[in-house]
J.: 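Before I ask anything, let me first share the structure, which is written out below as structure tokens.
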Amino acid sequence: MKIDGKPYRTIWLANDGWSVEIIDQTLLPHDFAIARLRTVEEAAHAIRAMLVRGAPLIGAAAAYGMALAVRQEQDDQALSRAHDLLLATRPTAINLRWALERMRRRLIELPPSERAAAAYAEAAALCDEDVAINEAIGEHGAGLIRRAATNRGGGTVNILTHCNAGWLATVDWGTALSPIYKAFEEGVDLHVWVDETRPRNQGASLTAWELNHHGVPHTIIADNVGGHLMQHGMVDLCITGTDRTTATGDVCNKIGTYLKALAAHDNGVPFYVALPSPTIDWTLEDGVGEIPIEQRDGAEVSALTGRTADGRIETVTVIPKGSPVANYAFDVTPARLITGLITERGVCAASREGLRTLFSDR
Ligand SMILES: CSC[C@H]1O[C@H](OP(=O)(O)O)[C@H](O)[C@@H]1O
């Protein structure tokens, strides 16, 4: 995507040919800053502390983390240590595991002297594939938005999205926001309801920042507003991302997604999930029972960070001293609540059969 006319991805090889640069998303929307990763440990911290986040981008960052590792040490033990360090950073997004297994498969068969060059090439290929997948999701999803515009018989198509599944969550284009960018660029009259997405506010801080820069009309809402809007006919469709989708179409995504899907189902609002195939976990069938749900530091709930009137960034506590906090980062929406999955190969039903029609080769 472009920021002030300059094209960006979220992660790229630095000019020195070996370190990796990322957009530090913990500083958005207040500051736009580039961070540089020089070691696998720095890559692991970037994922764990969410300088980079979003299932596809987590996979891409892990792939480059493996390249940074084998640049320093090339033996099998170093490869395993890097794999395990990066795998332990965050448990829910399956892209992390798939990317690490892909890197290990590519490298383990090579002589150590060839591993660094191959690792950087494989990480770059994974990033390019992610961009192509997400642009294709945009093309397929834009058709749904155009159909919603036709069904309305004119006027603005109102789309609700949760968290950030934009280009900041991927290498480029995004997943849930890719159809919105594509439809907007085609001239479709649309507006986006942006769930702020407590506790880290990826919607208010990241999705709104993206849409502002792209000129897409949007409104930030508190997480609990969506159901009311749907009851009053103010949402034509919902599109969210996913961090792991089972072979049967159960979708794990940012906490609160399930509640939006329930409200959509109760009000007859189509609920779509943008699903790049590297986010499918073909080994799982029961999302609620089998997908590990990350629990993060309670400080993400008990404190807020923002910019003061005189421009300082400050963090303040917003709960009583001593109150316990639970911070579940994801939930699972059962397939029965999902209207369709928008993949790079087309739109399908949220079911084993639906996925098999598009991915019979998996
Ligand atoms: C395109 S994947 C985006 C997905 O990742 C987000 O989680 P996090 O910000 O914690 O990495 C959220 O679940 C988004 O839908």
Side-chain angles (χ1 to χ4, degrees), residues 1 9-11 22-26 28 46-62 89-96 98-99 127 130-131 133-138 141 160-181 192 194-210 223 238-245 251-261 271-281 287 291-297 300-301 327-333 338 341-344:
M1 282 297 169
R9 285 185 172 187
T10 52
I11 187 168
I22 58 172
I23 296 171
D24 180 348
Q25 299 188 31
T26 61
L28 291 173
I47 296 169
R48 193 180 308 110
M50 296 177 68
L51 281 73
V52 290
R53 27 68 51 199
L57 179 52
I58 288 170
T89 51
R90 296 188 72 189
T92 302
I94 194 61
N95 311 60
L96 175 60
W98 288 168
C127 288
D130 181 62
V131 173
I133 285 170
N134 300 334
E135 186 163 17
I137 286 173
L160 184 143
T161 193
H162 190 70
C163 199
N164 172 255
W167 70 274
L168 288 173
T170 67
V171 176
D172 201 350
W173 279 106
T175 59
L177 294 192
S178 186
I180 291 169
Y181 289 131
V192 184
V194 177
D195 277 357
E196 63 175 343
T197 316
R198 287 280 293 147
R200 289 188 66 108
N201 284 1
Q202 287 96 321
S205 300
L206 303 178
T207 295
W209 182 85
E210 284 193 34
D223 290 328
C238 299
I239 308 179
T240 76
T242 174
D243 294 82
R244 189 184 309 211
T245 294
V251 165
C252 182
N253 196 50
K254 184 53 52 195
I255 194 78
T257 303
Y258 171 46
L259 296 177
K260 288 297 146 30
F271 191 92
Y272 288 96
V273 174
L275 170 63
S277 62
T279 310
I280 300 171
D281 185 342
I291 297 177
I293 300 297
E294 179 182 16
Q295 293 191 57
R296 294 186 61 87
D297 189 324
E300 294 182 351
V301 177
N327 183 11
Y328 294 89
F330 298 95
D331 60 24
V332 176
T333 300
I338 298 166
L341 301 171
I342 309 169
T343 79
E344 67 270 24

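Quick caveat: nothing in here was measured; it's all calculated off a predicted structure. When a ligand or atom number is given, it counts from 1 through the structure's own listing order.
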J.: Give the numbers and elements of all ligand 1 atoms closer than 4.0 Å to a heavy atom of A55.
T.: 2 (S), 5 (O)
J.: Kindly confirm or rule out an N or O of N253 lying under 3.5 angstrom from an N or O of ligand 1.
T.: yes
J.: Which atoms from ligand 1 have a heavy atom of F330 less than 4.0 Å away?
T.: 7 (O), 10 (O), 13 (O)
J.: Got the closest protein heavy atom to atom 12 (C) of ligand 1, with its distance?
T.: C163 SG, 3.4 Å
J.: When rounded to the nearest 0.5 angstrom, what distance separates CD1 in I180 from CD in E210?
T.: 10.0 Å
J.: Any salt bridge linking D223 with R198? Criterion: basic side-chain nitrogen under 4.0 Å from a carboxylate oxygen.
T.: no
J.: Taking a cutoff of less than 4.0 Å between a non-hydrogen atom of the residue and any ligand atom, is N164 in contact with ligand 1?
T.: yes
J.: Of the side chain and backbone of T279, name the one, both, or neither that has a heavy atom under 4.0 Å from an atom of ligand 1.
T.: neither
J.: Any idea which atoms of ligand 1 are less than 4.0 Å away from a heavy-atom of P56?
T.: 1 (C), 2 (S)
J.: Please check if any side-chain donor atom of S178 sits under 3.5 Å from a side-chain acceptor atom of E135, or the reverse.
T.: no
J.: If you take the nearest heavy atom of each of T207, L177, T242, T175, which one is closest to atom 1 (C) of ligand 1?
T.: T175
J.: Any idea which atoms of ligand 1 are less than 4.0 Å away from a heavy-atom of A169?
T.: 1 (C), 3 (C)
J.: Just jot down the side-chain hydrogen bond (donor to acceptor under 3.5 Å, both in side chains) partners of Q25, sequence neighbours excluded, or say none.
T.: R53
J.: Below 4.0 Å from ligand 1: does a non-hydrogen atom of G54 turn up there or not?
T.: yes
J.: What's the spacing between W173 CH2 and M1 CE if we round to 0.5 Å?
T.: 4.5 Å
J.: Within a distance under 4.0 Å of any heavy atom of R90, pick out the atoms of ligand 1 and give their elements.
T.: 8 (P), 10 (O), 11 (O)
J.: Is Q202 close to ligand 1, meaning an N/O of one under 3.5 Å from an N/O of the other?
T.: yes
J.: Indicate whether any N or O donor in one side chain lies under 3.5 Å from an N or O acceptor in the other, for D24 and T26.
T.: yes
J.: Would one find an N or O of T170, backbone or side chain, under 3.5 Å from an N or O of ligand 1?
T.: no
J.: Between N327 and E300, does any side-chain donor sit less than 3.5 Å from a side-chain acceptor?
T.: yes
J.: Without hydrogens or angle criteria, can the side chains of N164 and T207 be said to hold a donor-acceptor pair below 3.5 Å?
T.: yes
J.: Is D243 in polar range of ligand 1, meaning some N or O pair under 3.5 Å apart?
T.: yes
J.: With a 4.0 Å heavy-atom cut-off (strictly under), which part of A274 contacts ligand 1: side chain, backbone, both or neither?
T.: neither
J.: Would you call V251 and I338 a side-chain contact if the rule is heavy atoms closer than 4.5 Å?
T.: yes
J.: If hydrogens are left out, which of K254, R200, Q25, R53 has an atom nearest to atom 10 (O) of ligand 1, that is, the closest non-hydrogen atom?
T.: K254
J.: Between T240 and ligand 1, which residue portion shows a heavy-atom distance shorter than 4.0 Å: side chain, backbone, both, or neither?
T.: neither
J.: Applying ring pair (Phe, Tyr, Trp, His ring centres under 6.0 Å), can you list everything that pairs with W98, at least two apart in sequence or on another chain?
T.: none
J.: Just how far is it from atom CG of N253 to atom CG of L275, taken to the nearest 0.5 Å?
T.: 10.5 Å
J.: Looking only at heavy atoms of E294, does any of them come nearer than 4.0 Å to an atom of ligand 1?
T.: no
